[in-house]
Amino acid sequence: MLEQPLKSFFTSLSQSKSMNKLAKKWGLKLGASQVVAGVTISEAIEKVKELNEKGLSATLDHLGEFVEERTEAIEATDHCIQTLEQIASSGVNCNLSLKLTQLGLDIDQSFCLENMERIMKKAAELGIFVRIDMEDYGHCQQTLDILAELRKTYDNVGTVIQAYLFRALDDVRALEGIPLRLVKGAYKESPEVAYQEKEKIDENYFNMIKLHLDSGTYTAIASHDHQIIDRVKAYVKEKGISHSQFEFQMLYGFRTNLQEELVKEGYNVRIYVPFGIDWFGYFMRRLAERPQNVAFALRGFFSK
C-alpha cells in the first residue's frame, strides 16, 4: 500500500532544484555510491574496466539536470567530449549517454543542437556510439526532432523510447532502422499521455520490443524485470533472432548476479554507468521506480 506514495515522494524529490543543489555538497551519500560510479571521469573509467573484465560492455553518463545557463551547458558539452576522449584513450568497451536538458534544451533548441553537433563530430572521429536519453514527456518531441537532425549526418546516434507513453509504439515504428534503448519509463506523467497501470505498461513494453526486433533493427532492452527478460529470450529463440541483433541493458549496481548470468548464457549485456556530482535526481528516480531499492540504499549508507 505504501508503494505508490513512496513512488510519488521520490519522484517529487528528483525534480527538486533545491535538493539537487544541496546534494552536490553532500558527495555520494545515502547509498548513492552503490549506483553512481564516482564523481570523476577517471573513477568511472575504472569501474567500466571492471565491468569489461566480466564480459559486460557499458555506457557512461555524466549526470546533470536543471541547466539554465549557457555557460553550464557549454561546460557539460565539453565534459561529454572529454568523456569520449577518455573512453577512446583507455580502450574500454563503452558508449556515451547524455541528456539534452544538460546541453541547453530548455535554453534554446538550436543552441542545444549546436552542442550536440560538437559532441557527435568528436564521437564520429573516435567511432563511439552516443545515446540520447529520453526525459519527461514535455521534452519528448524536442528530443526526437534533434535526433532527426543529427541522423542526417551521423549514424552513430540513437535514443530511448518509454513504454508508458501512449505514443511509444508509433515512435518505434517511425524510428525503424535507428538503434533504440527501450524502457518502461521513470518519470511521473499525466494519465492524459501515459499508462498508469503496471500491466498495461508491461504489455506495451513487450509489444515495442517485438516490433523493433522484427524490423531487424538493433535493439537495447533495458530492464531488470526477469519476467520481461525471460519473454525476450523465448521470443528471440522462437523467431530465430540472432543474439548479435540485441542487447540487454541494466543499471550500474543493480542485479549484478543477473547481469553476469546473462553474459554466461551468451547474451550481450551493457551497463548504464552514471557518474558526477549531479547525482541526486538520478538516484531519486531509481528509488521511485522500485521502493524496494530504499532498503538497498540504506544498507549501503549504514555499511559506510
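Predicted model only: the values in this text are computed from it and were never measured.
- At least one donor-acceptor pair under 3.5 Å links the side chain of Arg270 to the backbone N or O of Ala58.
- Side chain of His212 to main chain of Ile178: a donor-acceptor pair is present (N/O by atom type, distance under 3.5 Å, no hydrogens or angles).
- To the nearest 0.5 Å, the span separating CD on Glu176 from CG on Leu211 amounts to 7.5 Å.
- Hydrophobic clustering places Ile74 together with Ile107 (ILVMFWY residues linked when any side-chain heavy atoms are closer than 4.5 Å, directly or through intermediates).
- Side-chain contact, Glu135 with Thr101: a donor N or O sits under 3.5 Å from an acceptor N or O.
- Side-chain contact check for Thr159 versus Leu180: some heavy-atom pair is nearer than 4.5 Å.
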*Might you work through the side chain to side chain donor-acceptor pair (under 3.5 Å) test for Tyr272 and Asp133, ending with a clear yes or no?*
CA-CA 11 Å; Tyr272 181 92; Asp133 287 341; 2.9 Å; yes
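- By the salt bridge (charged side-chain N to carboxylate O under 4.0 Å, His left out) test, Lys121 is found to be paired with no residue, residues two or more places apart in sequence or in another chain being considered.
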_CA sep, side-chain torsions, deciding dist, call: Lys184, Asp225, salt bridge (charged side-chain N to carboxylate O under 4.0 Å, His left out)_ = CA-CA 10 Å; Lys184 292 185 183 182; Asp225 186 336; 2.8 Å; yes
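- In this structure, Ser97 contributes its side chain and Asn95 its backbone to no donor-acceptor pair below 3.5 Å.
- The shortest distance between side-chain heavy atoms of Met116 and Leu98 falls below 4.5 Å.
- Remark: Arg70 qualifies as a cation-pi partner of Phe111 under the 6.0 Å distance and 45° angle criteria applied to the six-membered ring.
- Panel note: side chain Glu69, backbone Val67; no donor-acceptor pair is recorded below 3.5 Å.
- Side-chain heavy atoms closer than 4.5 Å link hydrophobic residues (I, L, V, M, F, W, Y) into clusters, and following such links, even through other members, never connects Tyr218 to Val157.
- Counting only heavy atoms from C-beta outward, the side chains of Asp106 and His139 approach each other to under 4.5 Å.
- Between the CG atom of Asp171 and the CD1 atom of Ile161 there is a distance of 4.5 Å, given to the nearest 0.5 Å.
- Here the shortest heavy-atom pairing between Ile201 and Ala163 reads O-CB, 3.9 Å.
- Of the charged side-chain nitrogens involved, at least one lies within less than 4.0 Å of a carboxylate oxygen, so that Glu85 and Lys122 count as a salt-bridged pair.
- Ring geometry, Tyr267 versus Phe246: the interplanar angle falls from 30° to 60°, so the pair is classed tilted.
- The closest side-chain heavy-atom distance from Ile229 to Phe248 is below 4.5 Å.
- Using a 30° and 60° split on the angle between ring planes, Phe206 and Tyr235 fall in the perpendicular class, above 60°.
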*Quick one: do Lys49 and Glu46 satisfy side-chain contact (heavy atoms from CB on, under 4.5 Å)? Show the steps, please.*
CA-CA 5 Å; Lys49 288 179 180 178; Glu46 287 305 309; 3.3 Å; yes
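- For Lys188 and Asp136, the salt-bridge test fails: no basic side-chain N is under 4.0 Å from an acidic carboxylate O.
- Between Lys200 and Glu203 no salt bridge is recorded (no basic side-chain N to carboxylate O distance below 4.0 Å).
- The main-chain N or O of Ala168 is never found under 3.5 Å from a side-chain atom of Gln162 such that the two would form a donor-acceptor pair.
- Put simply, Leu258 and Val232 are part of the same group of oily side chains (I, L, V, M, F, W, Y) that touch within less than 4.5 Å, one to the next.
- Gln196 contributes a side-chain N or O that, together with a main-chain N or O of Glu189, makes up a donor-acceptor pair within less than 3.5 Å.
- Among all heavy-atom pairs drawn from Ala37 and Val273, the shortest one is CB-CG1, 3.4 Å.
- The two residues Leu60 and Ala44 come nearest to each other via the heavy atoms CD2-CB, 3.6 Å.
- Formation of a donor-acceptor pair under 3.5 Å by the Asn52 side chain with backbone atoms of Val92 is not found in this model.
- Between Tyr137 and Leu165, some side-chain heavy-atom pair lies under the 4.5 Å cut-off.
- Summarising the geometry, atom OG1 belonging to Thr59 is positioned 6.0 Å from atom CZ belonging to Arg181; distances are rounded to the nearest 0.5 Å.
- Taking a 6.0 Å sphere around NZ of Lys47, one finds it holds 12 or fewer heavy atoms contributed by other residues, nucleotides or ligands.
- No side-chain donor-acceptor contact under 3.5 Å links Glu261 and Gln259.
- For the atom pair NE2 (His79) and CD (Glu75), the distance works out to 9.5 Å, reported to the nearest 0.5 Å.
- Pairs of residues two or more places apart, or lying in two chains, that qualify as ring-ring contact (aromatic ring centres under 6.0 Å, His included) and include a residue from residues 148-172 are Phe166-Tyr195.
- For the pair Gln249 and Val269, the minimum side-chain heavy-atom distance is 4.5 Å or more.
- Taking 4.0 Å as the cut-off between side-chain N and carboxylate O, Asp78 and Arg118 count as a salt-bridged pair.
- Heavy-atom minimum distance, Thr40 versus Phe275: O-CD1, 3.6 Å.
- Rounding to the nearest 0.5 Å gives a distance of 10.5 Å between CD1 of Ile271 and OH of Tyr252.
- Contact check for Leu169 versus Asn204: side-chain heavy atoms found under the 4.5 Å cut-off.
- You'll find the side chain of Gln245 stays beyond 4.5 Å of the side chain of Val236, heavy atoms only.
- A donor-acceptor contact shorter than 3.5 Å is absent between the side chain of Thr153 and the backbone of Leu150.
- For the residue pair Ser223 and Tyr205, the shortest heavy atom distance occurs at CB-OH, 3.7 Å.
- Using modelled atom types, no side-chain atom of Gln109 and backbone atom of Leu105 make a donor-acceptor pair closer than 3.5 Å.
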*Passes side-chain contact (heavy atoms from CB on, under 4.5 Å), Arg167 versus Gln141? Steps please.*
CA-CA 10 Å; Arg167 62 177 290 171; Gln141 190 57 51; 2.6 Å; yes
_Quick one, Thr143 with Val160, criterion side-chain contact (heavy atoms from CB on, under 4.5 Å). Give me CA distance, side-chain angles, the key distance, then yes/no._
CA-CA 10 Å; Thr143 299; Val160 180; over 6 Å; no
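- For Glu192, the CD atom sits in a loose shell: 12 or fewer heavy atoms of surrounding residues, nucleotides or ligands are nearer than 6.0 Å.
- Between Glu149 and Lys152, at least one side-chain nitrogen of the basic residue sits less than 4.0 Å from a carboxylate oxygen of the acidic one, meeting the salt-bridge criterion.
- By the criterion of side-chain heavy atoms lying less than 4.5 angstrom apart, applied directly or through intervening Ile, Leu, Val, Met, Phe, Trp or Tyr residues, Phe129 is not grouped with Leu147; the two fall into different hydrophobic clusters.
- Between Ile241 atom CD1 and Leu213 atom CG the span is 4.5 Å, to the nearest 0.5 Å.
- Using a cutoff of 4.0 Å between basic side-chain nitrogens and carboxylate oxygens, Lys239 and Asp214 are not scored as salt-bridged.
- Of the possible polar contacts, none joining the Thr256 side chain to the Gly253 backbone as a donor-acceptor pair under 3.5 Å is found.
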*Show your working on side-chain contact (heavy atoms from CB on, under 4.5 Å) between Ile41 and His62 and close with a plain yes or no.*
CA-CA 8 Å; Ile41 299 175; His62 179 234; over 6 Å; no
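- Ion pairing between a basic and an acidic side chain is recognised when a charged N comes within 4.0 Å of a carboxylate O; Asp155 and Arg151 show no such pairing.
- Salt bridge annotation for Arg173-Asp170: present, with a cationic side-chain nitrogen under 4.0 angstrom from a carboxylate oxygen.
- Nearest approach of Ala124 to Asn156, heavy atoms of both residues: N-ND2, 3.7 Å.
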